[in-house]
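Data block below; observations after.
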Amino acid sequence: MKTIGLASDHAGYPLKERVKEWLTQMGYEYKDYGTNSTDSCDYPQFGHALASAVESGECNTGIAICGTGNGINMSVNHHKGVRGALCWMPEIAALARQHNDANILVMPGRFIEESTAKECVETFLGTEFEGGRHQRRIDAIPC
Ligand code: RB5
């Protein structure tokens, strides 16, 4: 059973709360690394908490949300073995898994329809990595 880690800043908080409902409906367990309200906060704090949990294996995969997705994506991608992928349509979420073996789905809370975000979550969690030539490429990412 996968445990999904969640994180957002204030701009991503409303969508994170919806994601929790969808994960429960889908039968996934989750751990929420904050934030816990729409009060202004700094996305690195929560992005790093989630990425540390993915890095350590406490969570198998993660979902991170800020306003644009960019700031929290930059934060999680500083962690070894973490591959955050900014996704705004399910086709990109599918490719992030198939080609990039992404382990954190990142979404732009202020720039994505809820129905599209739900499709991204379902697709990301339901798509396998293809391996092969893509493994060679992701192995070459760390510098
Ligand atoms: C917060 O206002 C906003 O800057 C943040 O959510 C995110 O979009 C940053 O990348």
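Order of listing sets the numbers, starting from 1, for every ligand and every atom in it. These numbers come from a predicted model, not from an experiment.
The CD1 atom of Ile65 sits 11.5 Å away from the CZ atom of Arg18 when rounded to the nearest 0.5 Å.
Taking any N or O of Gly69, backbone or side chain, none lies under 3.5 Å from an N or O belonging to ligand 1. Looking at ligand 1, you won't find any N or O of Tyr43 less than 3.5 Å from one of its N or O atoms. Considering backbone and side-chain atoms together, Cys66 places no N or O closer than 3.5 Å to any N or O of ligand 1. For Asp9, a nitrogen or oxygen atom sits less than 3.5 Å from a nitrogen or oxygen atom of ligand 1, counting backbone and side chain alike.
Side-chain atoms of Glu58 and Tyr33 form a donor-acceptor pair, as typed in the model, at a separation below 3.5 Å.
Within 6.0 Å of CG in Asn70 there are more than 12 heavy atoms belonging to other residues, nucleotides or ligands. Other residues, nucleotides and ligands contribute at most 12 non-hydrogen atoms within 6.0 Å of the CD atom of Glu113.
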Item checked: Audit row: Glu122, Met26, side-chain contact (heavy atoms from CB on, under 4.5 Å) steps and yes/no -> CA-CA 9 Å; Glu122 290 166 347; Met26 293 165 71; 3.9 Å; yes
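Nearest protein neighbour of atom 2 (O) of ligand 1, counting heavy atoms only, is Arg110 NH1, 3.3 Å. The protein heavy atom nearest to atom 10 (O) of ligand 1 is Gly71 N, 2.9 Å.
Remark: ligand 1 atoms within the under-4.0 Å shell around heavy atoms of Thr68 are 7 (C), 8 (O), 9 (C), 10 (O). Of all the atoms in ligand 1, the ones that sit under 4.0 Å from a non-hydrogen atom of His10 are 1 (C), 2 (O). Annotation for ligand 1: atoms under 4.0 Å from non-hydrogen atoms of Gly67 are 5 (C), 6 (O), 7 (C), 8 (O). The atoms of ligand 1 that sit less than 4.0 Å from any heavy atom of Ala11 are 6 (O).
Pairs passing the ring pair (Phe, Tyr, Trp, His ring centres under 6.0 Å) check and including a residue from residues 51-104, sequence neighbours excluded, read His48-His79, His99-His134.
Each of Asn60, Leu23, Leu105 was scored for a side chain to side chain contact (heavy atoms under 4.5 Å, CB included) with Leu125, with one residue passing: Leu23.
Checking atom 4 (O) of ligand 1 against the protein gives no heavy-atom contact under 4.0 Å.
Considering every non-hydrogen atom in both Tyr43 and Cys66, the closest pair reads CB-CB, 4.4 Å.
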